[in-house]
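Throughout, a chain's letter reflects where its sequence line sits, starting with A, and its residues are numbered from 1. The structure presented is a predicted model; accordingly, all values stated were derived computationally and were not measured. Side chains are part of it too, since the values below use all heavy atoms of this structure and drop only hydrogens, waters and symmetry mates.
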There are 2 protein chains.
Amino acid sequence: MLSKTAEYALRAVIYIAQKGTEDSKLGIREIAEGIDSPPSFTAKILQSLTRNNKVVSSVRGPNGGFYLSDKARKLPVRAVLEAVNEEGLFSACLLGLKECSEARPCPMHQQFAPIRKQLKQVFDNTTIQQLVNEGNKGRFFLSH
Amino acid sequence: MLSKTAEYALRAVIYIAQKGTEDSKLGIREIAEGIDSPPSFTAKILQSLTRNNKVVSSVRGPNGGFYLSDKARKLPVRAVLEAVNEEGLFSACLLGLKECSEARPCPMHQQFAPIRKQLKQVFDNTTIQQLVNEGNKGRFFLSH
DNA sequence: CTAATTAAGGATATTCATATCTTTTATTTC
DNA sequence: GAAATAAAAGATATGAATATCCTTAATTAG
């Protein structure tokens, strides 16, 4: 469904938003451990999230690390997928056909259209903060 | 969303059902050309569809090739994904978490559950023949 | 200013999906 | 039975996603 990159990105952002603040930032090791992901690879992904888009904030040096601004917490979850170029999910043809469109629909288009629409809605209308609240209910990620 | 393997599998099955019959089977080259896919790779995928599952029928030798039995045409589209081991789509956690379940939902679980359910319904309740009928409306694949 | 810390960046390695090629087997036609 | 045809099967190659490592730059504390 999603690439590993997108999965780690989402998990990392939720984790950082959940456990980090501007005063108490999270290091890459803690994040990777918390979301059970490879540290170096996760670091690369976080670079995309701090650069391209402005989802995650970071500071180098002692007491440095990653955190999410209040503004970032209000971003739609979709912003995370944007940052890692995973937006094909919302537009690509299910059968992988270039020509597929509303005007020239592939055999699965009509059936799939409403699903894609819902998918879009979820990622557009859910904020990162909302996911954090969800996550806190289930206390999903490792704390330590 | 889907792997290339799954995309080619779906396209191939629809194409074969659309243009082939037991009396007039389709060769791998025609299929690959028709659905715009690499011939050898498509051949491998069709092997999965003739073996593991019994979606596609095949005959070797002169006038041999691939076709779909009437029975196969009534199979749910899901059977194609089964044959190529792409069923994770219906069960895997969106965030890639092993522990995720109704009892212990990840932060996106509640939002994603109805989408996954719909996805499942589409693949379960749509038959291959229905897709062929859809496809015939739009005459999507190359004919020659 | 120096040393320590931590993310950023660049280069490289590994793995798996994707893709190709060759040989074998089954089937048909003559 | 021999030759031709076409899929099955096996071996191998390629490429992109995944993953690691090493160096650089920024920041802080002393």
Side-chain angles (χ1 to χ4, degrees), chain A residues 1-13 15-16 20 22-33 35-68 81 83-86 88-89 92 96, chain B residues 1-13 16 20 22-33 35-68 81 83-86 88-89 96:
Chain A
M1 182 84 190
L2 293 177
S3 65
K4 287 281 175 200
T5 297
E7 287 178 5
Y8 297 154
L10 290 168
R11 273 149 62 183
V13 167
Y15 185 84
I16 295 168
E22 182 156 7
D23 290 335
S24 172
K25 310 181 191 67
L26 303 182
I28 186 61
R29 265 168 312 210
E30 178 184 350
I31 296 166
E33 196 172 328
I35 68 171
D36 188 27
S37 68
S40 303
F41 190 42
T42 307
K44 278 271 173 279
I45 294 165
L46 285 179
Q47 283 177 31
S48 312
L49 288 161
T50 51
R51 259 188 292 109
N52 303 347
N53 210 299
K54 205 55 207 168
V55 179
V56 177
S57 304
S58 69
V59 180
R60 304 188 200 187
N63 299 314
F66 301 90
Y67 69 97
L68 256 78
L81 295 193
V84 295
N85 302 311
E86 201 93 347
L89 187 64
Chain B
M1 185 85 191
L2 293 178
S3 65
K4 286 281 173 200
T5 298
E7 287 177 5
Y8 296 154
L10 289 168
R11 272 149 62 183
V13 166
I16 296 168
E22 182 155 8
D23 290 334
S24 171
K25 309 181 191 68
L26 304 182
I28 187 61
R29 264 168 313 209
E30 178 183 350
I31 295 165
E33 195 172 329
I35 67 172
D36 187 28
S37 69
S40 303
F41 190 42
T42 307
K44 278 271 172 277
I45 293 166
L46 285 179
Q47 282 177 29
S48 313
L49 289 159
T50 51
R51 258 188 292 110
N52 303 347
N53 209 299
K54 204 54 208 168
V55 178
V56 176
S57 305
S58 69
V59 179
R60 303 188 200 187
N63 299 314
F66 301 90
Y67 68 98
L68 257 77
L81 296 192
V84 295
N85 302 311
E86 202 92 348
L89 187 64

Which of the following nucleotides, [options], is nearest to the side chain of [X]?
X	options	answer
A:Pro62	C:dT5, D:dT18, D:dT5	C:dT5
B:Phe41	C:dA11, C:dA8, C:dA19	C:dA19
A:Ile28	C:dA7, C:dT20, D:dT20	C:dA7
A:Arg51	C:dT29, C:dG9, C:dA19	C:dG9
A:Pro38	D:dA19, D:dT27, C:dT18	D:dA19
A:Arg60	C:dA8, C:dA26, C:dA19	C:dA8

>> Can you confirm whether B:Lys25 is buried at NZ, in the sense that more than 12 heavy atoms of other residues, nucleotides or ligands lie under 6.0 Å from that atom?
In response: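 Atom NZ in B:Lys25 is crowded, with more than 12 foreign heavy atoms closer than 6.0 Å.
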
> Is it true that the side chains of A:Thr42 and A:Ser37 contain a donor and an acceptor less than 3.5 Å apart?
Replying inline: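 On atom types as modelled, these side chains qualify, holding a pair under 3.5 Å.
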
>> If only side-chain N and O atoms count, and only distance matters, is there a donor-acceptor pair under 3.5 Å linking A:Glu86 with A:Thr5?
In response: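 A:Glu86 and A:Thr5 do not have a side-chain donor-acceptor pair below 3.5 Å.
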
> Of A:Lys44 and A:Val59, whose closest DNA chain C nucleotide lies nearer the 5' terminus?
Replying inline: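 Result of the comparison: A:Val59.
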
> Pick the nucleotide of DNA chain C nearest each of A:Gly64 and B:Ala6; which residue has the one closer to the 5' end?
Replying inline: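 By nearest-heavy-atom nucleotide position, the 5'-most residue is A:Gly64.
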
> How is B:Ile31 classified with respect to the nucleic acid when contacts are heavy atoms under 4.0 Å: base, sugar-phosphate, or nothing?
Replying inline: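 The answer is nothing, as B:Ile31 stays clear of every strand by at least 4.0 Å.
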
Could you tell me whether the phosphate oxygens of [N], OP1 or OP2, come under 4.0 Å of any side-chain nitrogen or oxygen in [X]?
X	N	answer
A:Tyr8	D:dA19	yes
A:Asn63	D:dT27	no
A:Ser58	C:dA8	yes
B:Thr50	D:dA7	no

> Quick one: A:Leu26 CG to C:dT5 C1', roughly how many Å, whole number?
Replying inline: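 In whole Å, C:dT5 C1' and A:Leu26 CG are 16 Å from each other.
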
> What residue among A:Val13, A:Val56, A:Val84 forms side-chain contact (heavy atoms from CB on, under 4.5 Å) with A:Ile45?
Replying inline: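 Exactly one option meets the side-chain contact (heavy atoms from CB on, under 4.5 Å) with A:Ile45, and it is A:Val84.
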
> In terms of the nearest nucleotide of DNA chain D, which residue is placed more toward the 5' end: A:Pro39 or B:Arg29?
Replying inline: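 Looking at DNA chain D, the more 5' nearest nucleotide goes with B:Arg29.
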
> Which sits closer to the 5' end of DNA chain D, B:Gly27 or A:Thr5, going by the nucleotide each is nearest to?
Replying inline: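 It is B:Gly27 whose nearest nucleotide is closer to the 5' end.
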
> Do A:Gln47 side-chain and C:dA7 base share a donor-acceptor contact under 3.5 Å?
Replying inline: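 Checked by distance alone, the answer is no.
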
